[in-house]
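Heads up, the thing below is written out as structure tokens.
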Amino acid sequence: MGRAEKKRQRATRASPAPQCIVASDDSLGRKCAQALKGVLGLHHVEHQSRRFRGTTSLYFFTTPPAEAEVRGENRPVLPLPDGNRWLHIAIDLHFIADKYWRVNHISIGLLQGDPSTPQKEHVLRAEWQIHEAETDSGHAQPHWHVLSAAGVAELPMFDEVVEAIPGFEEFLADARPKPAGNGTFGHFHYAMVTDWHRIPSTGPYQVLADEAAVVAWLEGCVRYIRHQLDHVDRKAGK
């Protein structure tokens with residue numbers, strides 16, 4: 001292996017992650033709530049904190065409140081304009097010292113389902129894990145998870161064809177590929193930001209430096225989700 005190749009490989013490794021520090025979890029929650037209020041077009045958005053030993057999690061809600069089951073517990077969700085889609089947003093912080101907090105994880109989950117029940121389908125999730133050490137950065141940061149194929153079941157024209165051909169439904173059932181495990185590909189981290197096209201590349205791991213960057217990324221990612229949902233609806237003729 002030549003010197004140039006070794007240099008390129010070193011450059012593509014994830015760089016050490018700086019600590020994303022905030023002085024107040026409540027201040028961060030208020031700033032994020034204000035950003036979400038604007039990008040979602042809601043009258044108001046508030047945040048709540050759930051504190052544990054050495055950690056706190058920020059969640060966001062509006063009125064009337066709605067919930068979804070996330071990781072075995074009911075958590076607040078924010079409505080999207082169509083009335084059937086929701087965003088679950090969580091920011092996890094770890095206490096360090098002198099009232100300062102380290103932003104550890106940001107999650108934006110897209111769900112769909114009836115507002116009257118917490119049983120909602122998880123469709124997509126955007127995440128940013130702010131690692132403490134270089135050796136923890138195996139996955140792309142930030143990244144997407146694809147959790148289910150929203151709307152795939154809405155195929156009335158195809159269903160009509162299947163019903164019209166004797167034996168075709170049984171044929172499809174036998175030929176359809178079986179899923180590889182229980183949600184296996186839900187664990188695939190789809191890189192959101194990379195510079196693979198550059199030489200040398202620093203790879204798919206980006207840094208989130210401070211509170212302003214947290215608020216800006218949250219707002220921008222939610223805006224992009226809304227834009228893409230509008231695009232999907234237009235393609236579907238809605």
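What's counted below: heavy atoms across the whole structure, side chains too, no hydrogens, waters or symmetry copies.
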Practice prompt. Answer yes or no: is there an ion pair linking Lys120 with Asp114, defined by an N-O contact shorter than 4.0 Å?
Written response: no
Worksheet item: Does Leu87 reach the side chain of Leu80, with side-chain heavy atoms less than 4.5 Å apart?
Response: yes
Practice prompt. Could you check if a side-chain atom of Leu42 sits within less than 4.5 angstrom of a side-chain atom of Pro79, using non-hydrogen atoms only?
Written response: yes
Worksheet item: When you check the gap from the basic side-chain N to the acidic O, do Arg85 and Asp233 get nearer than 4.0 Å?
Response: yes
Item to complete: Tell me, please, which residues at least two apart from His145 pass ring pair (Phe, Tyr, Trp, His ring centres under 6.0 Å).
Response: His143, His189
Worksheet item: Do the side-chain N and O atoms of Gln141 and Gln206 include a donor-acceptor pair separated by under 3.5 angstrom?
Response: no
Fill in: Residue pair Gln129 / Tyr205: nearest heavy atoms and the distance that separates them
O-OH, 4.1 Å
Practice prompt. State, with a plain yes or no, whether a side-chain heavy atom of Ser49 is found less than 4.5 Å away from one of Asp26.
Written response: no
Worksheet entry | Separation of Ser107 OG from Trp128 CH2 (nearest 0.5 Å) | 14.0 Å
Item to complete: State, to 0.1 Å, how close Leu147 and Gly186 come at their nearest heavy-atom pair, and which atoms those are.
Response: CD2-O, 4.0 Å
Discussion item. Is the shortest side-chain heavy-atom distance between Ile130 and Asn104 below 4.5 Å?
Written reply: no
Worksheet entry | Test side-chain contact (heavy atoms from CB on, under 4.5 Å) applied to Arg71 - qualifying residues, sequence neighbours left out | Arg75, Arg125, Glu127
Worksheet item: Could you state the interatomic distance from CG (Leu229) to CG (Asp82), rounded to the nearest 0.5 Å?
Response: 7.5 Å
Fill in: Flag side-chain contact, heavy atom, 4.5 Å: Thr62 against His44
yes
Fill in: Gln48 and Arg50: side chain donor to acceptor below 3.5 Å
yes
Using a 3.5 Å cut-off and no angle test, enumerate the donor-acceptor pairs between side-chain atoms of residues 211-220 and protein atoms at least two apart in sequence or in another chain.
unit_1, atom_1, unit_2, atom_2, d
Glu211, OE1, Lys31, NZ, 2.4
Glu219, OE2, Arg223, NH2, 3.1

Worksheet entry | More than 12 heavy atoms from other groups under 6.0 Å of NE2 on His227 | no
Worksheet item: Taking only residues two or more places apart in sequence, or in another chain, which ones meet Tyr190 in a ring pair (Phe, Tyr, Trp, His ring centres under 6.0 Å)?
Response: Phe188
Worksheet item: Can you find a pair of side-chain heavy atoms, one from Tyr100 and one from Ser24, that are under 4.5 Å apart?
Response: no
Worksheet item: Would you say the side chain of Val193 lies within less than 4.5 Å of the side chain of Pro142, judging by non-hydrogen atoms?
Response: yes
Under 3.5 Å, which donor-acceptor pairs link side chains of residues 88-95 to any protein atom two or more places apart or in another chain?
unit_1, atom_1, unit_2, atom_2, d
Asp92, OD1, Ser57, OG, 2.6
His94, ND1, Arg102, NH2, 3.4

Item to complete: Could you tell me which residues satisfy ring pair (Phe, Tyr, Trp, His ring centres under 6.0 Å) with His47, sequence neighbours excluded, listed by chain and number?
Response: none
